[in-house]
Q: 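Take a look at this one; I'll ask things after.
Just so we're on the same page: letters track the sequence lines, and every chain starts at 1.
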There are 2 protein chains.
Amino acid sequence: MAGPGEFELIREYFSSRFQTGAQAGGVDSGVVLGIGDDCALLTPPRGKMLATSVDTLVADVHFPASADPYRIASRALRVNLSDLAGMNAEPLWFTLALTLPESNAAWLEPFARGLADTARLYGITLIGGDTTKGPLSITVQVTGSCDRALRRDGASAGDHIFVSNQLGAAAAALPIVLEEYEPSEVQQQQADAAFYFPEPQLELARSIGACASAGLDISDGLLADLAHICEASGLGADLKLDTFPIAELAQSMSADAALETALTGGDDYQLCFTVPAKYLDHLQGLQLPITAVGRMREARGIDCFLGGKPWQPRGTGYRHF
Amino acid sequence: MAGPGEFELIREYFSSRFQTGAQAGGVDSGVVLGIGDDCALLTPPRGKMLATSVDTLVADVHFPASADPYRIASRALRVNLSDLAGMNAEPLWFTLALTLPESNAAWLEPFARGLADTARLYGITLIGGDTTKGPLSITVQVTGSCDRALRRDGASAGDHIFVSNQLGAAAAALPIVLEEYEPSEVQQQQADAAFYFPEPQLELARSIGACASAGLDISDGLLADLAHICEASGLGADLKLDTFPIAELAQSMSADAALETALTGGDDYQLCFTVPAKYLDHLQGLQLPITAVGRMREARGIDCFLGGKPWQPRGTGYRHF
């Protein structure tokens, strides 16, 4: 749509960095024709489902417009890969719809490099895209192959609730990302990692896929996302917060604020999943970086307990970007 | 990413208008799980390739921000469906990434209605999306199934070049769409149809798919898009313009300006395709709305002839939005 001219050049820029045509992926990528025709042509993997998800990142809504383009690209692709992890799907292909105020090589070079590095790291192939002129925004759509989907609607009452790794790092990182105070060097590194390099939990999803009854990636905060599992499964949940895995970056806050940040902070891209009691032994034998945080129940709603007493977030721990 | 709140409501708005889950498509749509989980889950058609394409429409770059939302939605989906036609693929699924300055029911209602009406017309199923806050922009990604792809790189020297229907309507419509002059009622209708309701040439692609050697949809103007076929096929082309199919809306211009608009105007979404001589009789027997406009040749470049003499566009007939 942008017509020949500067944006044509951008397309060529991406085409050269990301291989086109049948060379785009490896032997098994299924890419018959990549960037450069009306459509990409793909051979879907036999006997599997496809899982697909799209996310838009808007400048100054989802990241600072002045942020390092390499990091913006990393975040844009990782956030989408996390949706594949949340479904227990293996990355195959992605598209990029990039809207840019101007064709600017100093911005595009690190952006394309960040995208290529991230794609290589997770074994996903760029198959096409669109480049348009306008306010900076990045839409990535990922597609993966899926054998045993980690849906939201499969939990049963009594299933144990787990989360992966730690929570609260991305929310605690936000004031640092927005340069609202001078962090220590360690804090700066942790904030950078949490906000721009979240780890899509693809490997963990693979490990728990066979025994989890439901699951998703935590993008809006655990309480909000667990509510999605509850709603889709027609259930409620009890959470026991005594050993809740709070990210180090959040632990400089007061204990209550840290816990609340970990429970309601968004953008962590860890997994929340439920496991029937009969698989607990098997799961514990896998020695994964996961923590049991509660159980599903028949009665709707989510109740939190700390030290045996009811505990409620005060709504002060977290803000969105 | 936008978090709970007004944009959650928008998602629910789309979920209710477009059915979710396994009910999303018809029996054969292959939709296992539609809107509402981390990913849509899809069963790809057996033994076929998938064709996929993404396009972004930015307000005041690709359409007037104040345009009727029903028409914006129609254009956004049709422009993408045209890429499926340009590949000779059958529509299956699409996603919508919608960025909006505010949650506004008066805008969203007609937009969702336009999207639903267009999707129903062309038999394509909404399987997911993302809604974010920011400057108005619409990214649609379509996926279709493809047996015999209409690629750009298959033409041979001597192949005849065809275009579908008429060209130049969308470029001639632009001053009317931008309300730069007071058109007649007929002109207003033609401009509206050309700009907001372009017909993706899916049926025509099906008809010519078996005998075309190369092809694409004309989005940047015939000369620019034919150049893509030439480049991909390693060839050039001679165009004979004496019976060139110029859209009625362009015919109020001078003869030269009308021809130039038809050759260089973008956004018509007609097909340009090449056919080996041996299939000409068969093709003519099909009585399709197509016109032979020239032939492919070994020597690179494109030369135009009118009344037996060389003819060149002056670069005055067309502008982009």
Q: Work out which heavy atom in B/Met87 is nearest to a heavy atom in A/Leu33; give both atom names and the distance.
A: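 Between these two residues, the closest heavy atoms are CE-CD2, 3.4 Å.
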Q: Could you tell me which of B/Ser53, B/Pro45, B/Ser82 has the largest number of non-hydrogen atom pairs under 4.5 Å with chain A?
A: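 Top count of heavy-atom pairs under 4.5 Å with chain A: B/Ser53.
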Q: Say whether, by atom type as modelled, one donor and one acceptor occur between the side chain of B/Asp130 and the main chain of A/Thr56 under 3.5 angstrom.
A: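 Yes: the side chain of B/Asp130 pairs with the backbone of A/Thr56.
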Q: Would you call A/Val54 and B/Gln141 a side-chain contact if the rule is heavy atoms closer than 4.5 Å?
A: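 Of all side-chain heavy-atom pairs linking B/Gln141 with A/Val54, none is under 4.5 Å.
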Q: Once you round to the nearest 0.5 Å, how far does CG of A/Leu50 lie from OG1 of B/Thr43?
A: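 Interatomic distance, A/Leu50 CG to B/Thr43 OG1, rounded to 0.5 Å: 8.5 Å.
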Q: Below 4.5 Å, heavy-atom pairs only: which of A/Gly215, A/Gly129, A/Gly128 has the largest tally toward chain B?
A: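 Heavy-atom pairs under 4.5 Å are most numerous for A/Gly129.
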Q: Please determine, among B/Gly86, B/Ala40, B/Pro44, the option with the most heavy-atom pairs under 4.5 Å with chain A.
A: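 The option with the most such pairs is B/Ala40.
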Q: I need the A/Cys39 SG to B/Leu216 CG distance, nearest 0.5 Å.
A: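 Interatomic distance, A/Cys39 SG to B/Leu216 CG, rounded to 0.5 Å: 11.0 Å.
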Q: I want to check something: taking the side chain as every heavy atom from C-beta on, are B/Thr52 and A/Leu42 in contact at a cut-off of under 4.5 Å?
A: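 In contact.
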Q: Considering non-hydrogen atoms only, spot the tightest contact between B/Val58 and A/Gly134 and give its length.
A: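 Minimum heavy-atom separation between B/Val58 and A/Gly134: CG1-CA, 4.2 Å.
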Q: Return the set of residues passing side-chain contact (heavy atoms from CB on, under 4.5 Å) with A/Ala232 (not counting sequence neighbours), or none when no residue passes.
A: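 Counting only residues at least two positions away or on another chain, A/Ala232 forms a side-chain contact (heavy atoms from CB on, under 4.5 Å) with A/Arg152, A/Asp153.
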Q: Could you check if a side-chain atom of B/Thr139 sits within less than 4.5 angstrom of a side-chain atom of A/Ser137, using non-hydrogen atoms only?
A: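 Answer no - side chains too far apart.
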Q: Hey, does B/Asp38 have a side-chain heavy atom less than 4.5 Å from the side chain of A/Arg151?
A: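 Counting from C-beta outward, A/Arg151 and B/Asp38 never come under 4.5 Å.
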